[in-house]
Structures are given as structure tokens and as C-alpha cells.
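Just below is one structure, and these are the notes that go with it.
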Amino acid sequence: MASRLLLAARGRKLRLMVTASIAIAGLLVLGPMATAQAQTTSSAVGELDCNGDSPVQQALRASAACTDIRGFANLDNSNTWGGRFYDNGTYIGHDEPDMGFYSSKPGSGNAVTWSETLGADPSAAPTVSTPGSDVAHWFELSVAPWFSMQMCDPKSYPQSPCTPKSDANAPDPCTISANPCASGYQGGGSAFMEMQFYPPGFSPFADAISCDNTHWCAAMTIDSLECTFGFATCNTNCEEPVNFAFVQRDGVPTGAPSPQKSNLATFTQNGETLLMNPGDKIVVHMLDAPVPGQSGVKAFKVVIDDLTTHQSGFMQASAANGFQNTTLADCSGAPFNFQPEYNTASQQNISPWAALRTNISTQFETGHFEGCTSVTNPSALTLSAEISDTYWSGCQGPYENAAPGGDGSSQPEVSDALCYPQGDTHGALNTAPDTVTGCLANFDQNGDLDFDGSPYWPEWPTGKDPTAQLPGSFVQALPTTGGSQYPLYQVQTDLALSESTTCTGSTPSGCSVPPPNAPGHFYPYWSRVGSGDTCVIEFGNVSSGHKVDNLGGDAQYGTNQMSTLGYPEFLGPVQTNSCAHGHSGD
């Protein structure tokens with residue numbers, strides 16, 4: 001425990017102490033001493049670093065769900081050591097269970113359709129009394145279920161040119177293994193797109209989770225990485241810049257999407273934001289599409305059709321909509337049309353820097369919420385020049401008491417922030433009252449590093465319909481591309497990266513699913529329900545019933561691949577994407 005606490009505390013100090021400017025490849029990489037110059041191209045509050053560690057800019061949305069970054073074995077520098085990545089000295093790993101899909105069919109890497117039913121919550125409000133048996137809502141379990149696709153960004157890691165929708169962008173497998181080769185080819189510049197969904201019940205979105213207390217909403221996020229190959233050099237002012245825009249009925253962003261210009265409006269829904277009800281049946285199309293009014297110009301686009309309400313929304317990652325990519329040298333932004341990186345969804349077509357080895361996938365970002373009976377240590381969070389919000393950094397209650405250390409005195413976290421009390425309406429933001437007292441494990445370490453929150457207890461859905469205590473699961477059809485299903489799938493999770501105390505090279509037995517120190521001894525998993533063309537995917541704790549195959553439960557995540565990948569990652573086998581056999585519930 002002490003080692004993890006030391007890493008986090010050390011990171012907080014390093015955020016204030018880094019002072020050097022570094023010159024590489026003829027480019028000046030700014031350090032904190034260049035604050036004035038950096039602010040000529042960006043605001044003092046924004047999204048130059050999704051992890052909130054930029055020394056020159058306060059993260060506007062401190063509760064952002066970022067892309068987890070891998071490490072490199074045998075490469076120890078100021079940005080990576082021990083197989084883990086550090087942003088300004090702070091370990092930023094979090095928990096992303098993922099099911100990825102593979103296909104060699106042309107277009108499968110850049111055009112995909114998902115059909116799903118959104119999860120619904122119990123009618124009763126969340127409770128905080130008996131971990132593992134409380135009333136739980138979706139916002140406590142996953143702050144952002146999402147679908148992914150890689151984007152071409154020549155100004156992102158590894159700072160290489162890329163051709164949109166080309167498999168030539170794939171990194172050489174030996175450049176992202178535990179024993180890097182000397183092939184010289186590093187792959188094309190790559191950004192990671194997450195089509196995120198946000199559950200109701202814990203608003204406001206700007207510094208919490210939800211758009212409101214009754215609707216799901218959605219947004220396109222695109223994370224880049226301002227580092228050179230092998231993390232040899234990173235711009236500490238803008239390591240993981242993120243573009244963000246809600247899915248809108250009119251397709252117009254609520255505010256500037258770019259890392260340099262985003263503001264409170266960017267993260268505040270308006271009358272055109274697509275709001276969806278729990279239980280709605282929706283179809284999500286993700287593709288490269290023409291930019292209106294610009295002949296021959298294309299950019300990535302998401303379209304969501306709500307089949308229940310008959311409403312639609314869309315967002316396009318175009319320069320015309322205010323999207324920008326970021327220059328490593330000075331963190332400045334330039335208008336940019338993001339386009340998909342790959343032609344096919346072949347197994348080698350993955351991100352060269354993200355922990356998840358994927359392109360086309362479904363995921364439930366977890367490990368970000370802990371219920372409390374009371375909160376302590378208030379502070380102010382600046383959201384704009386005129387508006388701030390009070391948050392708390394200490395959680396008291398049965399979940400906190402169940403963690404290693406009991407009373408919290410020896411837990412591995414710097415704080416529990418951001419925390420809010422039940423009924424909080426967030427001052428000038430005047431939101432719907434929060435439905436429970438709780439904390440978001442984002443502000444200081446981007447994850448629940450002692451695994452004591454609701455996601456690590458058996459409070460997940462056991463089926464598609466809500467019960468008196470548990471929410472109903474998302475019901476996802478298998479994704480299609482050009483009308484065909486993807487023939488292969490693989491399950492993985494970067495949970496091992498977050499097990500920084502127990503999961504080390506010398507103690508491989510400490511890398512496990514569920515985490516060894518999790519007091520709830522639980523980790524959610526995928527199940528397949530039905531057979532043949534009617535098969536669907538459900539996530540949570542669905543293990544029995546008619547034609548239910550839980551894919552082995554936690555065994556579906558495979559084993560820790562540190563020795564082959566160079567960083568801790570649980571990776572299951574590549575399997576045939578079929579639901580014809582193996583129904584444990586028959």
C-alpha cells in the first residue's frame with residue numbers, strides 16, 4: 001500500500017516541480033517555465049491534458065474518462081518505468097474491460113453499426129449501507145460505456161504521417177512488444193476515439209457524470225498523445241489532449257470541441273443535445289463521411305438513431321465543427337478533419353500507445369465511483385471565470401471502511417475527490433439534486449486504486465430487466481460492418497495496470513481478476529444470450545438463465561501478458577464470433 005501511495009504523492013509533487021524545457025528533433029518541447037507562451041495558444045482552463053496534470057492549464061472537466069496509456073518494459077525514463085506510463089510523474093491508469101472485434105473485410109476498420117438497448121435503473125434510489133447488497137444505479141457502475149475506433153492523427157504518437165483508412169498505418173508488432181526490435185517502422189500517428197454514453201442520476205456533466213437525472217446522453221471524444229516513439233519525450237503541458245462534443249440533434253457542438261478552446265459550454269448540454277431514455281432501443285453508425293459544403297473532404301461521423309423516441313443525433317469530427325489536432329512543440333491547435341485510421345479491423349490494426357489492443361470494440365469504463373454516507377474536506381473547482389463549484393475530497397462510509405486499511409489511514413489513494421453530497425445542486429449550475437452521496441475516483445489518480453467502490457462488488461445487472469436492487473443490463477447485438485458480423489472477438493482488460501502494488505514483475509500471482517485487494521472479490525464480465533443470429537451481449541453478472549453463456553466469467557479475460565507485451569494487461573484468446581454452442585444456462 002505504501003508504495004502506491006508514495007507513487008501518487010510523488011506525482012502530485014512532480015506536477016509542481018517539473019521545470020525543464022527539452023529540445024528534440026529541432027522542436028522546442030515546452031515545460032512549465034514556458035507558461036506565458038503556451039497560454040497564447042490555449043485557455044487557462046481547457047483539455048490540453050485529459051488526465052488533469054498539465055502544469056499550464058487546469059482541466060476543465062476533472063471527471064473525464066480518458067484513454068488509458070500503456071507502458072514499455074525495459075524502457076525507463078521520466079515518462080515510463082516498470083511497464084507503466086506516468087503523466088507529469090503521476091500514474092494515470094484506470095479500468096477498462098473491453099470486447100474487441102476483428103475482421104479482414106475491407107471497410108471493417110472504419111465503418112461499423114451497433115444496435116443496443118440502453119440499461120435501466122431500479123425505481124428505488126441508490127443506497128449506501130451494505131456493500132454488495134445495496135440498490136445500485138448505472139452511474140455507480142460505469143461512468144461511460146463506449147464504442148471505439150482508431151483515428152489517423154499525424155501529430156499524435158508516434159508523431160508519424162498517416163494515411164486515413166489504410167492498414168499501412170499499423171505499427172510493426174515488434175515495436176510494441178516486451179522486446180522492441182530495430183525495424184525502424186513505428187506505425188502511423190494515432191488517436192483513440194471513444195463514442196461514450198453517460199448514465200443519468202449524478203449531474204452536472206461538467207464536473208460529475210450525468211447530463212440529468214433521467215436521461216442518457218452521448219458524446220464523441222478523441223484522445224491524442226503528445227509523445228515521441230517509446231515515450232522518449234512528451235510535452236508535459238499537453239500529454240493527452242482531448243477533443244469533445246456531445247451528440248446533437250442538429251450536429252452543432254454546444255461549445256468549442258478542441259483541447260485549446262474548450263469551455264464550460266463544451267461540457268454543458270443544450271436544447272439540441274440528444275437525450276435518450278433508459279430502455280430505449282438505439283442504433284449507432286460510425287463511419288467516414290463527406291463534410292457538408294466541402295467537395296471531396298471527409299471526416300469521421302457518428303449517427304445515433306433512437307428507435308423508441310424516433311429522434312436522431314449526430315456529430316462529425318471536422319475542422320468545420322471546431323475539431324483540432326495538437327502540435328507537440330508548443331501545444332497549439334490546428335483545424336483538423338479526423339478520419340478513421342484503418343481499412344480493416346485486422347488483429348494488427350491497433351493503437352500503438354493505448355493500453356487496450358483494439359480498434360473496433362465495446363467497453364464499460366469502470367472503477368470510478370464510491371458511495372458514501374458523508375463527505376469531508378470541501379474545496380472549490382473552477383469551471384469558468386464566473387462559475388466555480390464546491391467539491392469534497394473525503395468519503396466516509398461502509399465502502400471506504402471495507403477497503404485495505406479499514407479506516408482509510410493506509411489506503412493507496414491521495415484523496416477520494418471529486419465527492420458530492422446527496423441533494424447537491426452545484427451552486428450556480430443549478431442542477432437536479434444528486435441522488436446519492438458519493439465520490440468520483442478521477443481527480444488525483446483517475447481510478448479506484450483500492451478497488452472499494454460499487455463496481456468491485458456484485459451490484460451489477462444479472463439480466464436485461466432491472467430488479468428491486470440491480471439495474472438492467474445493456475443488450476447489445478453483435479456489431480456489423482457492411483451488413484456482416486465480425487468473425488472474431490477477444491476480451492481484455494487493463495485492470496492489471498491499476499494493480500500497481502500487487503501486480504509487479506516479481507509477484508505475478510498478484511495480477512488477478514478480481515484484484516487481490518478488492519474487498520468485494522468481484523469483477524464484471526461479458527455474457528452471450530441467445531443463439532445464432534439472435535445472439536446478444538450483456539455485461540455485468542449475467543451467469544444463468546435460458547441460453548446464457550457467461551464465457552467463463554472472469555476467466556474470459558485470460559492471463560497477464562507482461563512478458564509478451566511489455567506492460568501488465570489481461571488478454572484472452574481470439575475466438576470465433578459465434579453463439580451457436582456452449583450455453584451454460586440451457
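Because only heavy atoms are used, hydrogens play no part in the values below, and waters and symmetry mates are left out as well, while side chains stay in.
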Using the side-chain contact (heavy atoms from CB on, under 4.5 Å) rule, take F369 and S142 through it: C-alpha gap first, then chi angles, then the decisive distance, then the call.
-> CA-CA 8 Å; F369 192 89; S142 177; over 6 Å; no
Given the rule in the side chain to side chain donor-acceptor pair (under 3.5 Å) test, do Q260 and T326 qualify, once you have shown the distances and angles that lead to the verdict?
-> CA-CA 8 Å; Q260 293 76 15; T326 299; 3.0 Å; yes
Verdict with reasoning, N349 to T344, per side chain to side chain donor-acceptor pair (under 3.5 Å) | CA-CA 8 Å; N349 294 344; T344 72; 3.2 Å; yes
Under the side chain to side chain donor-acceptor pair (under 3.5 Å) criterion, do T559 and Q561 qualify, and how do the steps go?
-> CA-CA 6 Å; T559 58; Q561 298 295 306; 2.9 Å; yes
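Aromatic ring centres of F474 and W138 lie closer together than 6.0 Å. For W114 and F101, the ring centers sit closer than 6.0 Å to each other. The ring of Y525 has its center no closer than 6.0 angstrom to the ring center of Y523. The ring of Y456 has its center closer than 6.0 angstrom to the ring center of F451. Taking the six-membered ring for Trp and the full ring otherwise, the centers of F246 and F244 sit less than 6.0 Å from each other.
Under the side-chain hydrogen bond (donor to acceptor under 3.5 Å, both in side chains) test applied with D288, the options Q316, K165, K298 reduce to a single match, K165. Of the residues M220, E365, Q363, M149, the one that meets the side chain to side chain contact (heavy atoms under 4.5 Å, CB included) test with E194 is E365.
In this structure, R70 forms a cation-pi arrangement with F72, its terminal cationic atom sitting closer than 6.0 Å to the ring centre and no more than 45° off the ring axis.
With hydrogens and angles ignored, the 3.5 Å screen pairs a side-chain donor or acceptor of T266 with a backbone N or O of A256. Looking only at distances, a side-chain donor or acceptor of E499 sits under 3.5 Å from a matching main-chain atom of S512.
With a 4.5 Å cut-off on side-chain heavy atoms, Y157 and F229 count as touching. The shortest side-chain heavy-atom distance between N237 and P55 falls under the 4.5 Å cut-off. Here the side chains of W526 and Y557 are in contact, with some heavy-atom distance below 4.5 Å. Side-chain contact between F338 and M193 is absent, with no heavy-atom pair separated by less than 4.5 Å.
We find the CG-CG distance between D416 and D450 to be 7.5 Å, quoted to the nearest 0.5 Å. Interatomic distance, N88 CG to T90 OG1, rounded to the nearest 0.5 Å: 7.0 Å.
Heavy atoms only, all atoms of each residue included: Y102 and R357 are closest at OH-O, 3.8 Å.
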